[in-house]
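Structure record follows, encoded as structure tokens.
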Amino acid sequence: MSDQDNDISPDGESGVITKTKPKTKKPSMYKVLLLNDDYTPMEFVVHILERFFSMGNDQATQIMLHVHRRGVGVCGVFPYDIAETKVNQVMEFARQHQHPLHCTMEKD
């Protein structure tokens, strides 16, 4: 019988092979925020929420009013790369339409 058959290493010690399962960590989540300004039309903000955050008209209107009254509102919570993409899409769309609407993100 060879050493290989007995799972004995060349130095005479036996070993046990164990499989460790990698621990997966949930990704950090980020809130996408809209900030109020005195120039962007309310209808445009509702359109942004419907288009980029897949909201119905009622929900988009509620969030737009929250932003209008409180100065800031959460549009959604997403993993970093999705949140960053949404912020960039909103900012670019607002810029194209010459509105000063500001969108940002922060860790949840």
Side-chain angles (χ1 to χ4, degrees):
M1 212 181 327
S2 71
D3 285 342
Q4 197 171 18
D5 293 336
N6 291 330
D7 290 333
I8 298 175
S9 64
D11 60 5
E13 294 183 20
S14 64
V16 177
I17 298 174
T18 59
K19 285 187 178 180
T20 56
K21 210 174 194 181
K23 291 186 179 180
T24 54
K25 197 168 85 170
K26 284 188 175 183
S28 296
M29 301 298 278
Y30 290 80
K31 293 185 277 193
V32 176
L33 307 169
L34 275 182
L35 306 177
N36 189 45
D37 64 70
D38 294 331
Y39 304 101
T40 304
M42 293 180 179
E43 297 80 17
F44 185 78
V45 176
V46 169
H47 179 69
I48 290 276
L49 293 166
E50 291 172 340
R51 178 173 177 161
F52 296 106
F53 298 93
S54 303
M55 293 182 188
N57 189 266
D58 289 344
Q59 184 184 13
T61 301
Q62 285 180 340
I63 290 176
M64 175 275 297
L65 289 172
H66 179 87
V67 170
H68 179 69
R69 292 180 185 135
R70 304 272 174 107
V72 65
V74 177
C75 304
V77 181
F78 308 95
Y80 180 85
D81 52 340
I82 294 173
E84 182 181 45
T85 299
K86 290 192 178 288
V87 167
N88 291 334
Q89 288 173 329
V90 169
M91 294 295 290
E92 177 63 21
F93 192 74
R95 188 185 62 74
Q96 286 173 354
H97 290 84
Q98 300 178 343
H99 294 300
L101 182 66
H102 192 71
C103 185
T104 187
M105 59 191 251
E106 69 179 33
K107 199 166 187 176
D108 190 28

**Report entry** Flag if over 12 foreign heavy atoms under 6.0 Å of CD, Q98
**Finding:** no
Query - CA sep, side-chain torsions, deciding dist, call: V90, L34, side-chain contact (heavy atoms from CB on, under 4.5 Å) - result: CA-CA 9 Å; V90 169; L34 275 182; 4.2 Å; yes
Query raised in the report: Can you tell me how far the CZ atom of R69 sits from the CE atom of M64, to the nearest 0.5 Å?
Result: 8.5 Å
Query raised in the report: Do H97 and F44 make the cut of ring centroids closer than 6.0 angstrom?
Result: yes
Query raised in the report: For the rings on F93 and H99, is their centre-to-centre separation under 6.0 Å?
Result: no
Query - Distance, nearest 0.5 Å, that separates CD1 of I48 from CD1 of I63 - result: 13.0 Å
Report summary line: NE2 of H68 to CG of D38, rounded to nearest 0.5 Å, is 8.5 Å
Report summary line: When T61, V45, N57 are each screened for side-chain contact (heavy atoms from CB on, under 4.5 Å) with E50, the one that passes is N57
Requested in this report: Report the C-alpha distance between N88 and E92 in whole Å, list the side-chain angles of each, state the deciding distance to 0.1 Å, and finish with yes or no for side-chain contact (heavy atoms from CB on, under 4.5 Å).
Outcome: CA-CA 6 Å; N88 291 334; E92 177 63 21; over 6 Å; no
Requested in this report: Give a yes or no on whether L101 and M91 share a hydrophobic cluster (residues Ile, Leu, Val, Met, Phe, Trp, Tyr; joining criterion: side-chain heavy atoms under 4.5 Å apart).
Outcome: yes
**Report entry** Neighbour count >12 (heavy atoms, 6.0 Å) for atom NE2, H66
**Finding:** yes
Query raised in the report: Does one side chain, of T40 or D37, offer a donor that lies under 3.5 Å from an acceptor on the other?
Result: yes
Query raised in the report: Got M105 and E84 here, is their nearest side-chain heavy-atom distance under 4.5 Å?
Result: yes
Query - Close side-chain approach of V67 to V72, heavy-atom, < 4.5 Å - result: no
Query raised in the report: Hey, quick one: are L33 and M42 part of the same hydrophobic cluster, counting side-chain heavy atoms closer than 4.5 Å, chains of contacts allowed?
Result: no
Query raised in the report: So which heavy atom on P79 is nearest to which on Y30, and how close?
Result: C-CD1, 4.4 Å
Query raised in the report: Yes or no on side-chain contact (heavy atoms from CB on, under 4.5 Å) for V87 and T104, after CA distance, side-chain angles and deciding distance?
Result: CA-CA 6 Å; V87 167; T104 187; 5.5 Å; no
Query - Gap between atom OH of Y80 and atom OG1 of T85 - 0.5 Å precision - result: 9.5 Å
Requested in this report: Output the distance between atom CD (Q62) and atom CE (M55), rounded to the nearest 0.5 Å.
Outcome: 10.0 Å
Query raised in the report: Any side-chain heavy-atom pair from L49 and C75 closer than 4.5 angstrom?
Result: yes
Query raised in the report: Do the rings of F78 and F53 sit parallel, tilted or perpendicular, given the 30° and 60° boundaries?
Result: tilted
Query raised in the report: To the nearest 0.5 Å, what is the distance between CD1 (I82) and CD (Q89)?
Result: 10.5 Å
Query raised in the report: Between V32 and C103, is a side-chain contact (heavy atoms from CB on, under 4.5 Å) present by the stated rule, with each step listed?
Result: CA-CA 7 Å; V32 176; C103 185; 3.5 Å; yes
